2 protein chains.
Amino acid sequence: MVTTLKPQLGANPERARSHNKQLVLRAIRHVGTAGRAEIARASGLSTQAVSNIISDLLNEGFLVEQGFRSAGRGLPVQQYAIKPDGGYAFGVEVRPTAVFTALVDLVGTPLLTHRTPLEDAQKDTILDTVWAQLDDALSKSQVSKGSLMGAGIVMPGPFGDTGLTGADSELPGWSTGDPAESFANRLGLSVFVENDANAAAMAERMNGVARGLDDFAYLYFGQGLGLGLVQNGQAVQGAFGNAGEIGHITVIVEGRPVELESATSRLSVQAYLARQGVTVTNMDDLTSLYFSANRHLLAWLDQAAQALSSALSIIENLFDPQTVILGGAMPDDLLDHIIARTALPERSVSNRPDRTHPRLMRGTSGRMTATLGAAALVLHQAFTPTIAEAR
Amino acid sequence: MVTTLKPQLGANPERARSHNKQLVLRAIRHVGTAGRAEIARASGLSTQAVSNIISDLLNEGFLVEQGFRSAGRGLPVQQYAIKPDGGYAFGVEVRPTAVFTALVDLVGTPLLTHRTPLEDAQKDTILDTVWAQLDDALSKSQVSKGSLMGAGIVMPGPFGDTGLTGADSELPGWSTGDPAESFANRLGLSVFVENDANAAAMAERMNGVARGLDDFAYLYFGQGLGLGLVQNGQAVQGAFGNAGEIGHITVIVEGRPVELESATSRLSVQAYLARQGVTVTNMDDLTSLYFSANRHLLAWLDQAAQALSSALSIIENLFDPQTVILGGAMPDDLLDHIIARTALPERSVSNRPDRTHPRLMRGTSGRMTATLGAAALVLHQAFTPTIAEAR
DNA sequence: AGCGTTAACTCAACTTTCTTGAGTGTTCAA
DNA sequence: TTGAACACTCAAGAAAGTTGAGTTAACGCT
């Protein structure tokens, strides 16, 4: 049995500089705007080193000066902030019937988003579509390809041939070869591939309710139900990239064991309502039903909350997160309703009196959540020090 | 809401060297014995840099030369290996009724182990006992305190005031203040605190069946049942150090939901057998019962295997590990029996045809597993590069 | 209003560590 | 026998960080 040692970077001056640059960017990003001495204290570097690095970053266009701020005694502090147009990231979400794309700037603001229906879900069709959308987005937004820092791709898992293969969310033609490599070659960009839940989680950490959190979980309502896990600031991918397949575990609803995904997911609510003779085709339908207090929908929400309570117990006790976020392709109002109705398990390590965050909170919702999350993967990478990088 | 940025080290020449030293040690440890060019390739450093670092490490007594080996063309390669007496680690496991201690050398070989009964479980009693045992171990083994690299402490969780507080495994007096700090001050050593399952997992990774694995899970049979998670080579602790409390989740046994820990743990088997009028006080009793094919024990094993199958489904789907290891304070034969009887869930991301490791395997068992694991925490730290350290 | 204290920042010299390229010695294979 | 392959060392050079002295600006006490 051969195990290979994960290549880990030895430090040399050049890599140290790159590492420190990202450390500085990360420190500035965390507080929005900062002065040099402040950054030096946060990073354990000398002010001189930080000065040199900042001068580099200014030249490279990643930072802007934000004027002086006098805080107490001493010289007024020149403030620096991330320059929004210092770089861009392309986010892609691949679905069997459509491709969603988004172009976001360095601080995470989307410049444009797009949905492209797919004729078929063949690998080449998808690659061509994404390429065309990238081209289109760049020309429409007047962004040069050189300032694109990479592309994040969200694809339905699980990856490879597993016991869950055969699920309906699958795409043909991707089981062989590394999807990241295919996209990287086709697009000529660095590519990061993740599942929808992890991407949404990273987006939430970059710009949403999980800002500054290093350990949290994200329950993503997609076609099924996915779990995004952030441990120590990094998305947990598992050994083969399939971590977070929470939809297939068994939970107890009304005393009976059911598959979690069959109780809480977009397919689940559609199927449930269909059995009651109610047809919904999109999220707006759901919202209308909700505001008309449709009793079938309310019943579904109740059983979903029950299932979620079981899932919450498992997530909390296994990962001890700072919080669990609920989000994804489900209307805000429904998410809020579910959150209000979900019983917070008493027998949980998360049931502590000194909490600073709610145990369950709502994240970004809507159809583009995962797509913007895909772009966030690129930004996250740009702000993460590289020496001894986690992965 | 204030979130503090985790202090992360900026790279400077000194830290770079320390980082690279640990990288070199880690590379050598991984293959047992290695030459300089080989290490250079593995680390991305120049051979010159590796030469310099190795010369340092030789002087500091961490490495020994292992003679030349000619492998194909070129100069015969001077081989280097970790010097066992280059450093030592002290492992401590704290239980309400006893303290277990072990002194191990740099390659993980235990020099001596000891069990000290506790008069009471007061904090000071424990600190004094550990201190006395450390002193005793050092003098008996003729190891100088200077070559002690630190102490690993295993304590029963959960830490802090949580929804699981009130469980019987608890120690009084530790809820206030950082246990690691208390031990560090009392012992005058670097201290690493972990739960039993994570410690056992790290031991397995250093010297056991998980050698070279970076993503795996460890189910630890202790008083209760704990889950150790290794993600990307690091133990997952969760936001508040309480990750892995798997014992309190609900699983299905014979169609009925039960708390996992009540179906599989040392307390569980004792209670089960007691209900049948069979008394067991230690692991040898269990082994005898097993070899006399006691039908009550066999029945318990069967329901434990059922519970474990549910747990396995959850662990695999949430975490996608390379393997799941079963170990702890339970006899080998019983663990093997359980493993043989545990149904491997079909609907699992781990159910893949291209596996290199079994889905479920037995790890180190016995009463000292966690104690040696505690010592392994120190060794792990010594072989882990420090810049941008995960935690 | 004056002046010492505090703090941020720059400049220049110095230090550490890594890399590069030339050179040496050993082994294998044509 | 000779040349290619490989491991390693030596010496020079480059990159990046640190240190300490000096400058500037604001605060706050007298």
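Proteins get letters first, then strands, A, B, ... in listed order; numbering begins at 1 in each. Being a predicted model, the structure only gives us computed values, none of them experimental.
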### Message
Under the rule for side-chain contact (heavy atoms from CB on, under 4.5 Å), what residues qualify as partners of B:Ala382, not counting sequence neighbours?
### Response
B:Met149

Donor-acceptor pairs under 3.5 angstrom involving side-chain atoms of residues 69-77 of chain A: please list them, not counting sequence neighbours.
none

### Message
I'd like the 5' and 3' limits of the part of DNA chain C contacted by chain B, with heavy-atom contacts below 4.0 Å.
### Response
C:dT16 to C:dA29

### Message
Once ring pair (Phe, Tyr, Trp, His ring centres under 6.0 Å) is applied, do any residues pair with A:Phe183, and if so which ones, sequence neighbours excluded?
### Response
A:Trp174

### Query
In degrees rounded to 10°, what angle is found between the helical axes fit to the five outermost pairs at each end of the helix from C:dA1-D:dT30 to C:dA30-D:dT1?
10°

#### Entry: First encountered from the 5' end of DNA chain C, between A:Ala37 and B:Ala49
A:Ala37

### Task
Looking at every strand, decide which applies to A:Ala16 at a 4.0 Å heavy-atom threshold: base, sugar-phosphate, or nothing.
nothing

### Task
Hey, which sits more toward the 5' end of DNA chain C by its nearest nucleotide, A:Pro13 or A:Arg41?
A:Arg41

### Task
Answer with base, sugar-phosphate or nothing: what part of the nucleic acid does B:Arg69 contact at a heavy-atom distance below 4.0 Å?
nothing

### Task
Scan residues 50-57 of chain B against DNA chain D and write down, sorted by residue number, each residue with any heavy atom closer than 4.0 Å; if none is found, say none.
B:Ser51

### Message
Once side-chain hydrogen bond (donor to acceptor under 3.5 Å, both in side chains) is applied, what residue pairs with a partner in residues 56-65 of chain A remain, sequence neighbours excluded?
### Response
A:Lys21-A:Glu60

### Query
Which residues pass the side-chain hydrogen bond (donor to acceptor under 3.5 Å, both in side chains) test with A:Ser55, sequence neighbours left out?
none

### Task
Could you list the residues that satisfy side-chain contact (heavy atoms from CB on, under 4.5 Å) with A:Asn185, not counting sequence neighbours?
A:Glu181

Listed pairs, N/O of protein and of nucleotides 20-26 of chain D, under 3.5 Å:
unit_1: D:dA26; atom_1: O4'; unit_2: A:Gly74; atom_2: O; d: 3.4

### Task
Kindly state each residue pair satisfying salt bridge (Lys or Arg N to Asp or Glu O under 4.0 Å) with at least one member in residues 35-49 of chain B, sequence neighbours excluded.
none

### Message
For A:Glu14, give me all partners under side-chain contact (heavy atoms from CB on, under 4.5 Å), at least two apart in sequence or on another chain.
### Response
A:Asn12

